[in-house]
Protein chains: 2
Amino acid sequence: MAARTTLKDVARAAGVSQMTVSRVVRGDTVVSLRTREHVARVIGNMGYVPNKLAGSLAQAYSNQVAVLIPSLVNNVFASVLAGITEELEKGGYNPVVGVTEYDLRKEEAQLISMMSWRPAAVILANLVHTDRTRSILENTSVPVVEIMDIRGDPIDLGVGLDHEAAAAALADYLMDRGYQRFGYLGWQANDFAAAARFRAFRARLETRGYGLVAPDVYDAPPDLPAGKKGLEMLLSVAPKTEAVAYSNDTAAMGGVNLCLELGMRIPDDLAIAGFSGLRMAQCLPQPLTTIRTRRRDIGETAARNILKRLSGTPVDRKVDLGFELIKGLSA
Amino acid sequence: MAARTTLKDVARAAGVSQMTVSRVVRGDTVVSLRTREHVARVIGNMGYVPNKLAGSLAQAYSNQVAVLIPSLVNNVFASVLAGITEELEKGGYNPVVGVTEYDLRKEEAQLISMMSWRPAAVILANLVHTDRTRSILENTSVPVVEIMDIRGDPIDLGVGLDHEAAAAALADYLMDRGYQRFGYLGWQANDFAAAARFRAFRARLETRGYGLVAPDVYDAPPDLPAGKKGLEMLLSVAPKTEAVAYSNDTAAMGGVNLCLELGMRIPDDLAIAGFSGLRMAQCLPQPLTTIRTRRRDIGETAARNILKRLSGTPVDRKVDLGFELIKGLSA
DNA sequence: TTGTAAGCGTTATCAC
DNA sequence: GTGATAACGCTTACAA
């Protein structure tokens with residue numbers, strides 16, 4: 001495409017004005033059918049591609065939606081993003097993805113960078129941000145959706161679940177099952193939702209007179225090998241642990257694996273619980289006891305609410321998609 | 001941000017021209033230190049955010065790189081994307097991600113949409129595209145990198161591995177181990193790299209007088225449950241199968257799981273092999289026999305080559321990152 | 001139904 | 001060093 005063909009080129013070739021071509025491109029029906037067809041043909045021949053840079057500049061807004069998520073490798077956010085993408089496309093919007101790596105500074109930097117593209121809306125995770133980030137979001141005129149955790153007050157819109165309630169429900173379930181010596185293995189110290197779960201889990205144990213024998217939180221990606229290694233270390237410190245709660249299903253699968261290798265019986269020798277409700281973890285010989293969250297739904301709902309808001313439809317300020325305790329065979 | 005502050009506003013407030021402010025924003029050192037500091041202060045106070053729409057329009061190119069990948073949920077592409085993102089950021093570029101769902105029509109639509117944002121470069125998967133897609137890519141003046149499979153001729157740049165060679169290597173290994181009755185379980189009929197592996201695997205068996213007892217290819221996401229179910233069906237058709245090659249590690253883990261449940265010994269009753277070399281699959285009680293690919297590296301290299309090309313440095317047209325046979329305990 | 005003119009907020013270019 | 005001016009390619013508002 002040596003010299004890009006522009007509206008002007010098409011207009012000249014079609015013998016009409018730029019505006020008429022512009023109208024045809026955008027499907028404006030005020031243009032007579034005759035000219036519309038004529039221009040459309042010329043456009044096809046010339047391989048004209050509209051320049052949205054110019055279009056959005058003229059319109060003050062783009063059809064891009066800024067999406068800031070902590071991690072792409074984490075299956076949870078991959079699902080959320082899939083939901084966002086699918087739903088956004090229905091409205092003709094495209095997600096522009098930024099990865100924050102659970103780092104609020106990076107979130108801020110990414111947001112600033114994205115705002116300069118004049119997105120039509122912003123989606124980001126959790127309710128905790130830097131002051132600068134908050135200030136930008138509070139002052140923007142475009143819709144902002146904070147997803148995942150909804151305990152607290154969203155800046156504009158919120159979609160997710162109550163992570164503390166979820167963790168408490170799991171703690172209750174485990175205590176009801178009769179376990180007494182609990183361990184906790186968490187990852188990604190900057191994952192605020194996970195941190196909230198950890199605190200709530202521990203607090204719930206304490207309200208009923210129990211406590212954590214050995215809590216450990218690592219600042220690393222919560223993958224299967226990590227879950228294995230974490231449990232190894234925990235057991236070396238507190239070998240009498242009866243039940244271990246993981247911050248994450250994938251890591252919990254690592255724990256299951258270690259037990260298999262050491263010949264420990266689950267849940268008799270050690271009970272294991274996860275968080276997320278990944279399909280994968282339900283395929284273990286003993287399906288994992290865990291909390292199922294509606295990840296994809298969170299993404300879809302966030303996107304849908306943006307579309308609603310952009311079209312002027314009233315939207316619920318906060319949407320709680322809830323969670324579900326999966327009573328597996330691992331605890 | 002009721003009325004956005006623009007370059008003009010800042011200029012007025014600082015008592016200089018727009019151009020001077022523009023220079024300061026971009027870190028142009030021709031501006032005297034005095035004015036630079038002064039203007040920087042004013043910018044800070046006013047909370048000015050540059051409008052890249054306008055900037056890129058004026059410059060004819062943006063700092064966005066279009067990235068078209070088949071799937072986000074698939075861990076392989078999540079890693080590739082992570083590599084791309086990290087490396088691109090070093091050069092001040094941002095990825096704009098489009099998901100094609102292994103559908104060439106969607107790839108085409110996404111590409112057209114992205115080209116209208118005047119990206120600085122394009123990254124997409126595989127060498128197979130629609131005619132229209134090819135034509136757009138052949139005619140663009142920006143760098144284009146086709147990743148994953150490199151057997152064949154890239155339009156511009158290519159980074160990946162030879163999937164057929166990898167599949168053949170795996171077939172050889174399995175035959176050398178003495179297996180004779182092979183099954184194959186693949187997913188995502190439109191995944192061209194996977195399809196190439198399937199053909200190559202079968203072809204290699206045939207050159208040595210073997211063949212597939214039961215090949216099955218499903219058009220669904222290759223997750224763990226799918227791998228389990230696929231194997232169930234395969235064994236019901238061909239119970240005497242000795243070794244099953246999976247198109248994908250995650251699905252292979254499903255197969256391992258089924259064996260555990262059925263009490264089948266691996267690899268004595270059934271040998272299982274995967275593809276990708278996910279860390280997760282190496283944490284099974286019996287590490288999976290598989291082919292390790294350098295996913296993250298592919299992303300990094302693709303991005304690095306774009307940066308090189310954009311800065312005028314010569315670049316290898318095709319980069320083969322190779323693969324590695326992991327001799328696990330599952331086959 | 002179609003066209004004209006004036007921006008949108010930057011940057012390149014060339015004076016000063 | 002700094003500034004005026006003309007693009008960049010489109011859309012809005014209004015005129016014909």
Side-chain angles (χ1 to χ4, degrees), chain A residues 1-40 42-43 46-64 92 113 115-120 141, chain B residues 1-40 42-43 46-64 92 113 115-120 141:
Chain A
M1 274 168 212
R4 290 213 135 279
T5 63
T6 71
L7 221 45
K8 196 189 280 180
D9 303 326
V10 179
R12 199 175 305 136
V16 296
S17 74
Q18 286 190 42
M19 261 324 291
T20 301
V21 181
S22 171
R23 291 189 177 110
V24 173
V25 170
R26 284 172 298 153
D28 192 332
T29 49
V30 302
V31 182
S32 75
L33 193 60
R34 252 183 69 83
T35 25
R36 242 187 299 164
E37 285 173 343
H38 170 57
V39 172
V42 176
I43 287 177
M46 303 184 69
Y48 167 70
V49 177
N51 184 335
K52 290 197 188 168
L53 250 24
S56 298
L57 176 59
Q59 282 185 126
Y61 287 114
S62 72
N63 70 341
Q64 297 190 145
S113 162
M115 289 312 281
S116 65
W117 289 103
R118 302 295 181 263
S141 56
Chain B
M1 276 169 212
R4 291 211 136 280
T5 63
T6 71
L7 221 43
K8 196 188 282 182
D9 303 326
V10 179
R12 199 175 305 137
V16 296
S17 74
Q18 290 190 41
M19 264 322 292
T20 300
V21 181
S22 172
R23 289 188 177 111
V24 173
V25 170
R26 285 172 295 156
D28 192 332
T29 49
V30 301
V31 183
S32 76
L33 192 60
R34 253 183 68 83
T35 25
R36 241 186 300 164
E37 285 173 343
H38 170 58
V39 172
V42 176
I43 288 177
M46 303 185 69
Y48 167 71
V49 177
N51 185 334
K52 289 198 188 167
L53 289 172
S56 298
L57 176 60
Q59 282 186 131
Y61 287 114
S62 72
N63 71 339
Q64 297 190 144
S113 162
M115 289 312 280
S116 66
W117 289 103
R118 302 295 182 261
S141 56

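Convention: sequence-line order gives letters A, B, ...; per-chain numbering from 1.
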(message) Can you tell me how far apart OH (B/Tyr61) and OG (B/Ser56) are? Round to the nearest 0.5 Å.
(response) 11.5 Å

(request) For A/Ser116 and B/Asn51, indicate whether the former's side chain and the latter's backbone hold a donor-acceptor pair under 3.5 Å. (result) no

(request) Supply the atom-to-atom distance B/Ile43 CD1 to B/Leu7 CG, rounded to the nearest 0.5 angstrom. (result) 8.0 Å

(message) Checking the side chain of A/Arg26 only, and the main-chain atoms of A/Ser22 only, is there a donor and an acceptor separated by less than 3.5 Å?
(response) yes

(message) Quick check for you: name the first and last nucleotides of DNA chain C, 5' to 3', having an atom under 4.0 Å from a heavy atom of chain A.
(response) C/dT1 to C/dG9

(request) Measure the shortest side-chain to side-chain distance between B/Val10 and B/Thr6 over non-hydrogen atoms and say whether it is less than 4.5 angstrom. (result) no

(message) I need the B/His38 NE2 to B/Thr35 OG1 distance, nearest 0.5 Å.
(response) 8.5 Å

(request) Using atom types as modelled and distance alone, determine if a side-chain donor or acceptor of A/Arg36 lies under 3.5 Å from a backbone N or O of A/Val24. (result) no

(message) Base contacts versus sugar-phosphate-only contacts with protein, heavy atoms under 4.0 Å: please encode nucleotides 5-16 of chain D as B, S and - from 5' to 3'.
(response) ---BBBBBB---

(message) Over all strands shown, is A/Val30 touching base, sugar-phosphate only, or nothing at heavy-atom distances under 4.0 angstrom?
(response) base

(message) Could you report the tightest heavy-atom contact between A/Leu57 and B/Leu53, atom names first, then the distance?
(response) N-CD1, 4.0 Å

